[in-house]
Amino acid sequence: MKLHPLTVPYRTGVGVLKYGVLFAFLMFGGGEATPASAGAIAFLALALVAVIGGWHTAYYNRFDYELTAGTFDVSSGVVSRRSREIPLERVQNVDVRENFLHRILGIAQLNLETAGGSVTEANLKYVGAAEARELQEEIRRRKRRQQTAEQGETEVDVEVEGDVLYEISERELFLVSVFSIDLRLIAAVLFIASLVPPDRFEAVDDVMVPEVVALPALALAVAVAFVLWLIGFVTTFTRFYDFRLTRRDDTLMYERGLFNRYSGSIPLNKVQTVSFQDNVLKRLFGYSTLAVDTAGYSPSQAAETGSEVAVPLAKFPRVLSLANEVEEFGDLDLRKPPKRARRRYVVRYSLVAAAVTLAFYAVNELYTPVRLWYLPLAFLPLTPVAAHLKWRNRGYEEKDDYLVTRNGFWSRTAVIVPYYRVQNVMSSSTILQRRWWLATLTVDTAGTSLVSSNNGRAVDYDLSDVDGMRERVHDELQESLTTKRLEHERSAWTPPEAADFDRTEVDQDIEGDDEVTVDGTEADAVAEEAEEPSDTEPDDDEEANGRGTASEDVDRTESVDEEDEESR
Amino acid sequence: MELQSLHPRIRSVWLAVAFLGAVVLTSVLGGALAVYTEFEEAAAIFFFVLLSLFGVYQWKRYSVWGFEVREDNVYLRYGVLVRVQKVVPFVRIQHIDSRRSPVERATGLASLVIYTAGSRGADVRIPGLLPEQADELREELKDLAIEDETRRDDAV
């Protein structure tokens with residue numbers, strides 16, 4: 001299949017504009033154009049159009065994609081050729097993006113993400129808008145068919161119309177945009193404004209600074225905060241405009257955007273973590289945001305698209321029930337850190353306030369007058385409150401199949417991690433934590449969330465408790481893997497021919513390692529008998545050995561998912 | 001398997017690093033310090049303070065470091081200022097490298113790097129191994145990882 005024919009003129013136009021501006025800037029940035037150079041300019045412009053147009057024509061001619069039964073194939077490249085086959089079962093997300101111009105032209109960009117790698121695995125620029133949605137839908141359908149075939153079901157039912165799980169209301173859209181402001185910003189601006197003496201602005205006024213700056217510092221700060229909030233409002237508003245989340249079979253599909261339309265798919269069986277994100281304002285009004293993390297995006301991509309948001313804003317009970325659609329974890333009942341953690345925060349904040357005061361005092365004495373340099377001391381009586389809030393919002397809970405952690409007051413995130421998704425577990429304690437006999441538990445998944453710094457961390461729990469937590473989480477992981485394995489074997493005995501379906505050859509280097517692992521598998525099946533883990537079901541090993549080669553292949557491909565990760 | 005310490009030779013390497021660090025910092029800041037404080041021995045004192053700080057740190061670093069190949073995971077303990085205890089399940093091991101940097105080759109040591117698919121702290125490095133020990137460990141972990149994977153399902 002070829003790309004949309006409008007691709008060439010569109011990309012040429014964009015390229016010419018981009019480089020044209022650059023050239024113009026380089027050539028005339030310093031002086032004025034002389035009439036004599038008019039011919040040269042015209043020639044250069046033509047040359048630019050020819051070169052860029054030629055490149056994109058060649059790109060267009062060389063680009064070819066095809067959706068087969070089990071893979072998505074792309075061959076591309078003008079100078080160096082590349083052909084790539086992406087097994088559909090490995091696909092994490094399928095996104096369709098259109099900006100304003102695309103929508104006028106009726107074209108769209110289609111992205112396919114697999115786990116691992118910092119770039120999008122297949123990037124179709126551009127296909128027809130209808131074609132893009134068709135592909136997105138068809139990929140989902142074929143994946144579904146593969147899965148059902150793998151589970152040995154002959155009946156393949158593919159839902160065409162999904163259930164709409166969530167549709168943003170006008171009220172919610174407005175509120176989520178209002179709530180986009182970070183209250184810390186206002187606090188910081190006010191704080192800084194109160195420190196600067198008013199006369200400093202008047203002093204600069206003589207030196208050609210616009211009058212706005214001469215306003216009293218407080219008014220200025222308010223204005224800055226307002227502008228920032230307005231920017232946040234508009235960004236959020238256009239991003240979540242007409243947001244809709246639907247569920248079709250085992251895939252969540254969402255659409256959003258005012259000018260730039262995004263549409264993406266999140267396969268439920270690829271979900272790594274689910275999280276609730278709510279800042280102070282949202283909590284005040286009882287709202288929350290639901291985000292779903294898959295392993296598809298690299299952190300920078302996630303920052304750019306914000307695509308992991310599954311529900312921009314809804315009342316908490318509703319968000320909770322929607323989250324349970326994704327992962328059935330039930331309700332939250334979090335345990336707070338020990339009370340001495342709160343005391344630790346009081347000490348910490350007091351020390352910070354003291355240090356800042358000292359710094360201000362030093363500046364005031366040595367360099368320039370700082371109005372209210374003792375102001376940070378006013379925070380001293382507030383430190384117990386701040387410490388309490390920080391402490392109160394931390395939480396940790398071990399559920400049957402999930403681990404839940406929560407952190408943050410200003411912007412609070414509760415992360416639900418299925419044990420099944422845990423990659424590694426660690427406990428750590430800084431010197432200062434050890435003084436209070438406290439430690440932090442960090443649970444890592446393959447997800448690439450924006451909030452990863454807070455992701456799956458139980459901070460400031462009892463040092464000896466954390467040791468136990470670490471081992472328990474690990475044991476739960478092992479147990480969940482065994483359970484999944486057994487479930488899989490019981491429900492999915494696959495006929496040999498269906499197994500071949502998954503063994504599609506792939507050009508990615510990842511696959512090379514896979515082969516090695518498969519070769520090793522049979523040799524090691526013997527060694528398996530020797531060592532039996534204590535937490536495994538007794539009949540597990542027998543089953544594993546008795547399965548024979550045909551189903552061995554299927555199980556391998558089930559687990560190859562992880563191999564995609566290693567290119568990261 | 002008991003908790004294993006690193007090869008003692010890595011401690012000497014780390015102590016040498018401490019010494020070099022103190023030398024470098026002193027040569028950068030020591031002179032200025034002597035001039036500023038108008039006290040000739042300042043640089044020397046500075047050097048010995050640094051040396052003892054770094055030395056204690058590296059000594060402690062060696063004594064804390066330990067690893068253990070357990071039944072279904074690798075357990076590691078390290079860190080002086082931030083004490084870390086990490087559990088890497090065999091199933092989650094993506095691949096394993098044994099490595100030898102120029103310094104390691106000169107001192108006859110090697111290190112082992114274990115990769116998982118996690119987003120942070122995904123790579124785990126065990127320094128201060130003998131080359132044959134590193135290779136052995138690599139093979140052992142590889143076998144255990146494959147064995148574990150055939151026994152259990154895994155997921156990303």
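Sequence lines set the chain letters: A, B, ... in the order given, protein chains first and strands last, and positions in each chain run from 1.
With a 6.0 Å radius and a threshold of 12 heavy atoms from other residues, nucleotides or ligands, B:Trp59 has its CH2 atom at or below the threshold. Atom CZ of B:Phe19 has 12 or fewer heavy atoms from other residues, nucleotides or ligands within 6.0 Å. When the shell of 6.0 Å around CZ of A:Arg434 is examined, it contains more than 12 heavy atoms from other residues, nucleotides or ligands.
Looking only at side-chain heavy atoms (C-beta outward), A:Leu477 and B:Pro89 come within less than 4.5 Å of each other. You'll find the side chain of A:Val466 stays beyond 4.5 Å of the side chain of B:Gln85, heavy atoms only. Using a 4.5 Å cut-off on side-chain heavy atoms (C-beta onward), A:Leu481 and B:Val91 make contact.
For the residue pair A:Asn424 and B:Lys86, the shortest heavy atom distance occurs at OD1-CE, 3.9 Å. Considering every non-hydrogen atom in both B:Arg92 and A:Gln423, the closest pair reads CG-O, 3.2 Å. The two residues A:Met426 and B:Val84 come nearest to each other via the heavy atoms SD-CG1, 3.9 Å. The two residues A:His474 and B:Val87 come nearest to each other via the heavy atoms CD2-CG1, 3.4 Å.
Atom-to-atom distance recorded for A:Ser428:OG and B:Leu81:CG is 12.5 Å, nearest 0.5 angstrom.
The candidate from A:Thr440, A:Val425, A:Leu432, A:Val473 with the greatest count of non-hydrogen atom pairs under 4.5 Å with chain B is A:Val425.
For A:Gln433, no part sits under 4.5 Å from any heavy atom of chain B, backbone or side chain. Heavy atoms closer than 4.5 Å to chain B are found in the backbone of A:Val422, but not in its side chain.
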Are A:Gln478 and B:Phe90 close enough, and set up right, to give a side chain to side chain contact (heavy atoms under 4.5 Å, CB included), and what steps lead you there?
CA-CA 10 Å; A:Gln478 299 288 354; B:Phe90 293 148; over 6 Å; no
